Amino acid sequence: MSYHRTLKDHLAIEPNKPPLLPPPAPAVTAPPPKTAAATTTTTILTPPVISILLTETAERFSYYGFRAILVLYFTQALHFAPATAVASFAYVTSLSYFTCLIGAVVADAFWGRFLTIAVFGCFYGAGLILLTVAAAKGEDGGGRLWLTWVGLFL
């Protein structure tokens with residue numbers, strides 16, 4: 001009698017014993033081919049994002065542009081005293097930094113961010129137009145001063 005068993009005999013399944021090796025894994029299938037709809041890529045520059053970026057760029061350009069010469073405009077065109085011109089500049093600057101809180105409340109509670117940006121952008125543009133008209137207007141008493149303050153408030 002031979003005590004040498006072959007591998008085939010050793011791995012053979014006996015009726016009441018579990019198999020020594022696990023069953024073979026199922027065959028791996030290739031992923032389905034990509035369709036035209038699945039190959040589209042998404043971009044971060046969607047139309048609303050581009051609109052916000054352009055609006056913010058225009059707003060910053062115009063704000064820092066008129067802010068740079070606002071004290072000169074107050075002293076030379078409106079004939080304010082230097083102390084009054086600097087104080088007015090400080091009031092306008094602080095107002096511009098606090099009005100974003102009003103925009104945040106309106107955007108969150110009522111209009112949403114895109115409508116808020118569009119509406120307040122129109123107000124901002126109207127204010128800049130009024131400032132431009134006031135600067136181009138000649139000496140006429142209080143009309144120039146009135147247009148300036150309304151334009152700065154908008």
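By convention here, the first residue in the shown sequence is residue 1. Fair warning: this is a prediction, and the values are worked out from it, not measured in the lab.
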Value rounded to 0.5 Å, distance of [atom1] in [X] from [atom2] in [Y]:
X	Y	atom1	atom2	answer
Leu154	Ile129	CG	CD1	10.5 Å
Tyr91	Ser96	OH	OG	14.5 Å
Phe120	Cys122	CZ	SG	11.0 Å
Thr75	Leu70	OG1	CG	9.5 Å
Thr46	Ile52	OG1	CD1	8.0 Å
Glu56	Ser51	CD	OG	10.0 Å

### Query
Quick check, are the ring centers of Phe61 and Tyr64 under 6.0 angstrom apart?
no
### Query
What do you reckon, are the aromatic ring centroids of Trp149 and Phe74 less than 6.0 Å apart?
yes
### Message
Do Tyr73 and Thr148 make a side-chain contact, defined as non-hydrogen atoms from C-beta onward lying under 4.5 Å apart?
### Response
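Yes. Closest side-chain heavy atoms under 4.5 Å.
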### Task
Check whether any side-chain heavy atom of Leu152 sits under 4.5 Å from a side-chain heavy atom of Phe66, and report yes or no.
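Of all side-chain heavy-atom pairs linking Phe66 with Leu152, at least one is under 4.5 Å.
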Find out if a path of hydrophobic residues (ILVMFWY) with successive side-chain heavy-atom gaps under 4.5 Å connects [X] to [Y].
X	Y	result
Phe123	Leu54	no
Val71	Val92	yes
Val119	Val150	yes

### Task
May I ask you to check whether over 12 heavy atoms, not counting those of Phe153, lie within 6.0 Å of atom CZ?
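Not more than 12 within 6.0 Å, no.
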### Over 12 non-hydrogen atoms of neighbours within 6.0 angstrom of CZ in Arg67
yes
Please give me the minimum heavy-atom distance between [X] and [Y], naming the atom from each residue.
X	Y	result
Ala134	Arg144	O-NE, 2.9 Å
Thr116	Gly103	CG2-O, 3.7 Å
Leu130	Leu147	CD2-CD2, 3.6 Å
Val49	Leu45	CG1-CD2, 4.2 Å

### Task
Give a yes-or-no answer on whether the side chains of Tyr124 and Thr55 include a donor-acceptor pair shorter than 3.5 Å.
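Tyr124 vs Thr55: no donor-acceptor pair found between side chains.
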### Message
Before you tell me yes or no, could you show the steps for Tyr63 and Leu128 under side chain to side chain contact (heavy atoms under 4.5 Å, CB included), namely the whole-Å CA-CA distance, both residues' side-chain angles and the distance that decides it to 0.1 Å?
### Response
CA-CA 9 Å; Tyr63 172 71; Leu128 288 175; over 6 Å; no
